[in-house]
Amino acid sequence: MTAADTTPRVPFTPARLHFGADYNPEHWPEEVRAEDIRLMKEAGVTMVTAGIFSWGLVETRPGSYDFTWFDRVMDDLAEAGIAVCLATMTASPPPWLSERHPEILPVTADGVRKWPGSRQHYCPSSPVYREHAVRLVEALATRYAAHPALAMWHIGNEYGCSNPVCYCDVSAADFRRWLRERYGTVEALNAAWSTTFWAQAYGSFDQVMPPRATPTHPNPTQQLDYWRFSDDALLGCYLAEKAVLRRVTPQVPVTTNHMPHHKPVDPYRWAPHEDVAALDHYQEPYDPRTHVDAAAAFDVVRCAGAGRPWMLMEQAPSAVNWRERNSPKPPGAMRLWSWQAVAQGADAVLYFQWRQSPGGAEKFHSAVVPHAGPDTRIFREVAALGRELAALPQLAGARSAPEVALLADWNSWWAMEQGSHPSSALSHREALLRHYAPLFDAGVPCDIVPPASDLSGYRLVVVPDLYLMSEATAEKLTAYVREGGHLLVSYFSGIADEDDHIHLGGYPAPLCQVLGLRVEEFWPLPQDGRVPLHGELNGAADLWSEAVDLEGARALAVFGDGELAGRPALTRHAFGDGVAWYAATRPDPELMRTLMDRVREAAGVAPVLAGLPAGVQATVREGEGGRFLFLLNHGAETVTVPLPYPARDLLAPGSEPAGCRTLPPRGVAVLQRAD
Amino acid sequence: MTAADTTPRVPFTPARLHFGADYNPEHWPEEVRAEDIRLMKEAGVTMVTAGIFSWGLVETRPGSYDFTWFDRVMDDLAEAGIAVCLATMTASPPPWLSERHPEILPVTADGVRKWPGSRQHYCPSSPVYREHAVRLVEALATRYAAHPALAMWHIGNEYGCSNPVCYCDVSAADFRRWLRERYGTVEALNAAWSTTFWAQAYGSFDQVMPPRATPTHPNPTQQLDYWRFSDDALLGCYLAEKAVLRRVTPQVPVTTNHMPHHKPVDPYRWAPHEDVAALDHYQEPYDPRTHVDAAAAFDVVRCAGAGRPWMLMEQAPSAVNWRERNSPKPPGAMRLWSWQAVAQGADAVLYFQWRQSPGGAEKFHSAVVPHAGPDTRIFREVAALGRELAALPQLAGARSAPEVALLADWNSWWAMEQGSHPSSALSHREALLRHYAPLFDAGVPCDIVPPASDLSGYRLVVVPDLYLMSEATAEKLTAYVREGGHLLVSYFSGIADEDDHIHLGGYPAPLCQVLGLRVEEFWPLPQDGRVPLHGELNGAADLWSEAVDLEGARALAVFGDGELAGRPALTRHAFGDGVAWYAATRPDPELMRTLMDRVREAAGVAPVLAGLPAGVQATVREGEGGRFLFLLNHGAETVTVPLPYPARDLLAPGSEPAGCRTLPPRGVAVLQRAD
Amino acid sequence: MTAADTTPRVPFTPARLHFGADYNPEHWPEEVRAEDIRLMKEAGVTMVTAGIFSWGLVETRPGSYDFTWFDRVMDDLAEAGIAVCLATMTASPPPWLSERHPEILPVTADGVRKWPGSRQHYCPSSPVYREHAVRLVEALATRYAAHPALAMWHIGNEYGCSNPVCYCDVSAADFRRWLRERYGTVEALNAAWSTTFWAQAYGSFDQVMPPRATPTHPNPTQQLDYWRFSDDALLGCYLAEKAVLRRVTPQVPVTTNHMPHHKPVDPYRWAPHEDVAALDHYQEPYDPRTHVDAAAAFDVVRCAGAGRPWMLMEQAPSAVNWRERNSPKPPGAMRLWSWQAVAQGADAVLYFQWRQSPGGAEKFHSAVVPHAGPDTRIFREVAALGRELAALPQLAGARSAPEVALLADWNSWWAMEQGSHPSSALSHREALLRHYAPLFDAGVPCDIVPPASDLSGYRLVVVPDLYLMSEATAEKLTAYVREGGHLLVSYFSGIADEDDHIHLGGYPAPLCQVLGLRVEEFWPLPQDGRVPLHGELNGAADLWSEAVDLEGARALAVFGDGELAGRPALTRHAFGDGVAWYAATRPDPELMRTLMDRVREAAGVAPVLAGLPAGVQATVREGEGGRFLFLLNHGAETVTVPLPYPARDLLAPGSEPAGCRTLPPRGVAVLQRAD
């Protein structure tokens, strides 16, 4: 299961940007569908995702399938010329399945069983679940293989959203199988898990349990492997369905929708098994930096899909219903953030969901057609965006080519946020965003890639708190700098190997040479602790510090007080033909920006556009249809953006900008070179 | 179980106000009783509640009853002329019952079993529990049917206090029975529960489970029905015991003690099955507004009992023991708050408990006779109050007739506070008090009644955040205004029907006509978010806002900033012969007071007394004994209250007030018209 | 089990202070051992604790023991002249044991089973666990009885650290056995547990359960007895192993390592069964008062061991890994705090652990040989301290003799912190430290002893919030004052008897006579509530107040406002030949210091050294080797300490101080009278 699927890809090459929504006609009487389709046409909908939660309606009794009502949905959509991204319907098993097989219900580490009444109430390792799911997919695929509406398969839905990790006995048995495959012998497992510690040595695989509730700190490698296993168990569900689809409909592309920065599922491992990468993303309108968060998520999914155009499979037309206090998207925000996805490589923009349901747990989630009906701000904004996207088919397929790579690694995430560490305040997500934000704000596009990637083409590689790092990755980074690359590494990177064993000899042992330094002790700062930094760079830092001994590097800043006063905090090491920078603490955002500007300039990385006003995002996509410059004003002020060349504004064809483009708050421009 | 008991009521018409306490002589050697009875006489005790937790002592082995020791208690009390409100002894099953039938122990949604060692360790649906309880009640009622001390039955005790909702398999089976009765067919259940959402459609009732722990957001209607079912299960326990009592002692009134604003038990549904409504109430002395809280609770229980005099079944003589930090009641506070109950319609004032126990979980709860003995402030204050009450038998039976009704609805409470809503910060209790407080502070008595009540007699009806509202209620409110009534409705009212399905077409659909407006989107404010309001009314608001379109109403205030700047926040709509007011946000207390004053004045609702000083509560009770004006100074200052007519001060007969009455802090006056 | 073991003690009389560490060679390849032993010699190591978590390695299959690898460890250490404190290896059962006997796994009050993967995953009552443990100890003791390295037995490890209380069915059965032994008849249990309250009367012991999750407040005496039982169950494990050791190796002293202020284990009950008392202690470097905390812990363990020298069995060389944010010990801190242990009576200073492990849950816990190797600050500081200690063999065996006793009582701790009390904010640990700190800061050494101790030799006895107190203790304290002693008692002392029944008649009934007062009501202050005190003593207090009636005592301060304004807050009562003081509230630290100074001066208790600068700890140990004055500068400033007599500085032999000694921050001096 860990080897990538090697079947040939089925290309996803839409003739234009797709636009649409999750469509759940089962919530409504059939007579509503005529209005639905009329409104879809009015809004320029080209594709809907359907059937996600329809299992219970097509298989009301075990093995007895009745697709009649769904046939009518498919026929009506086909007739309207609307493509269907058809879900495999397996996201939520019907009540009869768990009634007959309660052992499929997931169980927490504390032994609490999770019952039906919401969704995804299945153990990912359950053979009973998989068997029933695969049987359904076979019936479904056979039924619609030749249907004209079928454009794509949507396998499952948001894998692991609600059932990411299960600790039941079925999972335990599957975990043992997985461990046998991974380690071969119990001696190898014992070595990897350091079981001489606390007398945990196993005599056989049969003795091994999932990391259920323990009296005190659990075994870290056992936990790390359980993250890996659980991700594999979910991927196994996906691949079992995909195998059926490939056999029955070999020509139809498949995907599944990832969630942004979803810890249990590693998109870099899944994406090779997907014909197109897809993301669900829900901004927090009350967070003034929510677009930066989104930008990083978009870059992750784009890079997971090897830079190919991707799908924004779900976004809210306005408010969600699962935060503590759910703000609508203010006028213009939905348009801005939808264009942001396109600006960062999306070729499809879909909503959850088409029509707001009157009952159920998501009835207060906004939809394209709200409770109040289509004569509403929300529907009007959606329809207007639909018209804009329809007018620009030339954008489809275009790509971008950033000069900077940030490393992200789900294995490191899983390992770094475990307990019994020097500080429990470290966060993979925070670290990634802390390094991403100053690049984003400076107008510098980034790739966010896993450590195994080819880094040779980048001018700059950034390594944010990458706790777990193989010798091979460290050697690659060392070679990268030796051969002229620029590298910025932050504290607590390169500490442990793939088994979560410390690289011995002074931290971060495998990076000491390239960084020109050695760390003897970690010195996490107390809650609310801050420390000034002095030197070539000045400012303040918090959260973390380290006792650094320079072994070739030069201090750009030293700690200004505390037990480490005078010792290096930020360093620079010319190594081979390149330069390696190190941050032994967490600079505050302003100093982080100063540091990143300096690193970036040294690496020769320029922004997309010189003189970009604050708050404006600029990106470029280039393809057969041309080279497109996107300008998005995320700020609260009207700004004027200088243009590098004469350009046509594709969204405002009548107003050709000359030399500059003025954007109101939430304004968007798509520009094509005109000279 | 849901239909009201139609047996004729047994009137509860005491010749004077009852005064007394929970009496638990089993905590003490029998020789203590002589002192108890002497002190009871000294304190003017007329009634004690006895036997609440005596099951284990009268049935030490299954089916083997021995009431001998309790006979002596009853005889001694009868001889002393003290009436007994005899508990049915079923509140806490003896250890042998759960040892033999561990399946009676309640279970949480997470599957955690609750064990003996405290009280109420039984599943309300358990047939084993009910069978044993009913058998005991039969023996008890037969034993004491003709006993001279028996004055009233106290069935169970604080139903659902500790075991409000059970998720065990016995409850699951009972829930299915309840659902069959409610819905008839599984199709009707599927429709009510919106089970097409997330593939939850049931093929039979046998597949349905209680809303146990789920992977994510549970089905809201399933949860709502579980609140209803659980209340019914508790009520079923009560009714099973009552049936025995009605048969054996048809002439003895029955009651049970409710808790103030206790979410699991709907007093409006229970009270028709009670001969007198009874309340336990425990003020928080460290809360300077605790009397307002109490006032609302008193009005709920009074209205649940159809306006008849009610019993304050339990209050603390001083401190309780179950808060984080338990303050005694300062000198005078117990007297003030006891008189407050009488002023709001109570005909009985009892304490928990008579003598402070030396051991057990409530040993630090104050009692009439404290650990330090009767030569104590607490006993002296109780005895003094006993003398005061004894001197005013004419108060018994008198009633009041408020002109304002607030609507309260347990169904709406259950539905509104579920998850996945626009804001998780909404609270039924807070909403009720927010609307009640400005009326209370202005000296305006209120009824607090369920939506099904006849509202035609009120000058003003207030609807505080009544999320769940039937079409019928909305129509009644519309007709009420059309025919000249005044109505104040707050946001998030009239949103969902009895199945928690949204009333479609713009919020609040069934009230749009009477309010003259339509809401397109909810716009909950962020944590600590505040918004200014401008217009005829000015001030600030927080928590919530809405995008209101006026359709006939007039804006009294608009939002002063934010995304809704300039849109209506408070509105007024002349409709038919009446007026409907709407608050689309939560005004801060000062603005709420301004708004309520304006609404009230327009409705022609005047306070009990003009010129009432701040902090003074004034109420009127009227009956065969006369018309009584109560004045209670809850403030920290001595105040002078102007009197509307010459009056005698019944508590201070020597000091006839002329034109006004001066009250020290915590002072009380009971005045009877003297001219 | 509750009676003290009467076998003769095996004396622990080292010729010098022991120095060493936990040694876990199983984490490393055997070839590392040569370097280990070389570095141990370099650091002056005299003793290591070995084998703590080796069960799984010596008994890889049930009953099949293979000590070969461990023989080599013992041999190598013996050859190097390093003594072994040999662990019985039973702290963590191997996976095969819980695989074969899952019923040994502990269970929480909520029914959650705790699984292997960490340590101590056994129910202390499990006969299966004990049987296997005892069988291992037999094999181990037999194997190494005559081994030259064996110097001492370390039984178990940190008993109850991770499995202090178990609620499984095995524990339930054992609890019933324990209750039968304690109470004899179920009637006696019913009386002790006040089971007439809430109908809890038991018909037989078979009906009794552990205090598992209950619907509401559990029975307090049931809980108190469960603390007692659980401590006994752990002690039973210890004694079962000890019995084997005494039989096989009667000449080898035994110990086990306590944790500072560890609520589940009462060191005063355990220590009579230990040949030497031992403590693990982990300072919090970010807490500037961590040394005061440590000082109290050191005094507890010293007094538990009847004043004999004790062992600091574990401390961190630098950072730990189990706090939220783990600071290293700054340069000098480890030395200072190690010397503090010696200054307070330790004859052994050991670390956890020798070499920092590369994997497992404690890999980020500092060790003598860090990840970065021996060329590190940590190793250098350890080795330097080793040399210092080696140079002062004359310190071994010396003792101290404080004039002040504070009472501490685990039974009172267990009872006081239960729920349903007047205030949930009371803390045994806080109360102890609140009274200890002003004595420590004044340079006054204290004993901290259980109430059953002989108090006649002390000038002053301090009773901090000792909620549970027997009549006998109260009588002893009364006699102590009558005969000339000085006594300071704080609020909420002497409230309940051994069954947690209130001493009736006004609080604190059995102390009213000696204190000359009576408390009628507790008046806990609200969160953040503060009250001024006026009178001879002035200041402020918080947390608690009481309504005190003086009956012979004199008020030193009264409450300055609030409901108790003008009533006594601090009192003094001349009684017999002594004086009893009472605090009816919690004085803030400054007033507490004033009060304690006054009490202390009246009692004639002087500090070790006059004119001690702030931040300096001074202690005296005296023995055959001489009388030693320890000076430890815990402050941030360099200070000069006046010396009472000419003295030699044993740590700085070249620099004889004349009249005074200057100490830098973290400086230490050990002085011997030179005249």
Side-chain angles (χ1 to χ4, degrees), chain A residues 24 26-28 52-57 60-61 89 91-96 98-99 106 108 110-122 161-163 286 318-319 321-328 330-331 356-366 370-373 376-378, chain B residues 109-112 191-204 206-223 418-425 496-497 499-507 509 518-527 529 543 547 563:
Chain A
N24 298 298
E26 62 265 45
H27 297 173
W28 299 92
I52 296 179
F53 295 105
S54 301
W55 188 346
L57 295 179
T60 52
R61 289 193 317 281
M89 303 189 173
S92 206
W96 56 254
S98 50
E99 187 204 17
T108 71
D110 277 354
V112 176
R113 195 164 281 280
K114 296 298 185 75
W115 295 82
S118 64
R119 64 178 199 173
Q120 291 183 320
H121 41 280
Y122 64 84
C161 174
S162 315
N163 61 344
Y286 277 131
S318 188
N321 70 321
W322 41 263
R323 293 197 175 95
E324 290 295 296
R325 296 157 186 253
N326 298 291
S327 171
Q356 194 169 11
S357 51
E362 292 190 329
K363 61 179 173 290
F364 286 113
H365 195 293
S366 63
H371 287 147
T376 43
R377 175 182 80 91
I378 292 176
Chain B
D110 278 353
V112 176
W193 287 18
S194 304
T195 57
T196 53
F197 179 75
W198 282 355
Q200 298 171 0
Y202 295 98
S204 79
D206 294 338
Q207 293 168 357
V208 184
M209 298 296 294
R212 294 177 179 166
T214 48
T216 182
H217 310 299
N219 183 305
T221 313
Q222 180 186 15
Q223 292 180 92
Q418 299 195 137
S420 1
H421 272 206
S423 173
S424 65
D497 68 13
D499 292 330
D500 198 7
H501 293 191
I502 302 298
H503 294 295
L504 296 177
Y507 315 113
R518 175 176 175 270
V519 175
E520 202 172 297
E521 288 178 88
F522 302 126
W523 214 292
L525 294 173
Q527 179 90 38
L543 191 74
E563 298 290 343

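Here is the naming used below: chain letters follow the sequence lines, and residue numbers restart at 1 for every chain.
Using bins of under 30°, 30° to 60° and over 60° for the plane-to-plane angle, the ring pair B:Phe522/B:Tyr507 lands in the parallel bin. Between B:His217 and B:Trp198, the two ring planes are parallel [angle under 30°; tilted spans 30° to 60°].
Interatomic distance, A:Trp96 CH2 to A:Ser98 OG, rounded to the nearest 0.5 Å: 9.5 Å.
Considering only heavy-atom pairs separated by less than 4.5 Å from chain B, the leading option among A:Ser92, A:Pro95, A:Gly359, A:Pro331 is A:Pro95. Of the residues considered (A:Gly373, A:Ala319, A:Pro330), A:Pro330 shows the highest number of contacts with chain B, using heavy-atom pairs under 4.5 Å. Interface summary for chain A: among B:Pro524, B:Ser420, B:Ser423, the most heavy-atom pairs under 4.5 angstrom belong to B:Ser420. Looking only at heavy-atom pairs under 4.5 Å with chain B, the residue among A:Ser54, A:Gly56, A:Ser162 that has the most is A:Ser162. Per-residue heavy-atom pair counts under 4.5 Å with chain A were compared for B:Glu563, B:Gln222, B:Gln418, B:His501, and the maximum is reached by B:Glu563. Taking chain B as the reference chain and counting heavy-atom pairs below 4.5 Å, the highest number among A:Thr60, A:Asn24, A:Ile52, A:Asn326 is found for A:Asn326. Most heavy-atom pairs under 4.5 Å with chain A, from the set B:Thr221, B:Val519, B:Thr216, B:Asp499: that is B:Thr216. Interface summary for chain B: among A:Lys363, A:Arg119, A:Arg323, A:His27, the most heavy-atom pairs under 4.5 angstrom belong to A:Arg119.
Neither the backbone nor the side chain of A:Pro370 comes within contact range of chain B; no heavy atom of the residue lies under 4.5 Å from a heavy atom of that chain. With a 4.5 Å cut-off on non-hydrogen atoms, A:Thr108 does not touch chain B at all. At a 4.5 Å heavy-atom cutoff, the contact between B:Asp206 and chain A is made by backbone and side-chain atoms alike. With a threshold of 4.5 angstrom between heavy atoms, A:Gln120 approaches chain B through N, CA, C or O but not through any side-chain atom.
The main-chain N or O of A:Pro328 is never found under 3.5 Å from a side-chain atom of A:Ser318 such that the two would form a donor-acceptor pair.
The pair B:Glu521-A:Arg377 meets the salt-bridge criterion, since a charged nitrogen lies less than 4.0 angstrom from a carboxylate oxygen.
Counted by atom type alone, A:Ser357 and A:Glu362 present zero donor-acceptor pairs between their side chains at under 3.5 Å.
With sequence neighbours left out, B:Pro218 forms a side-chain contact (heavy atoms from CB on, under 4.5 Å) with B:Thr214, B:Gln223.
When all heavy atoms of A:Tyr286 and B:Leu525 are compared, the closest pair comes out as OH-CA, 3.6 Å.
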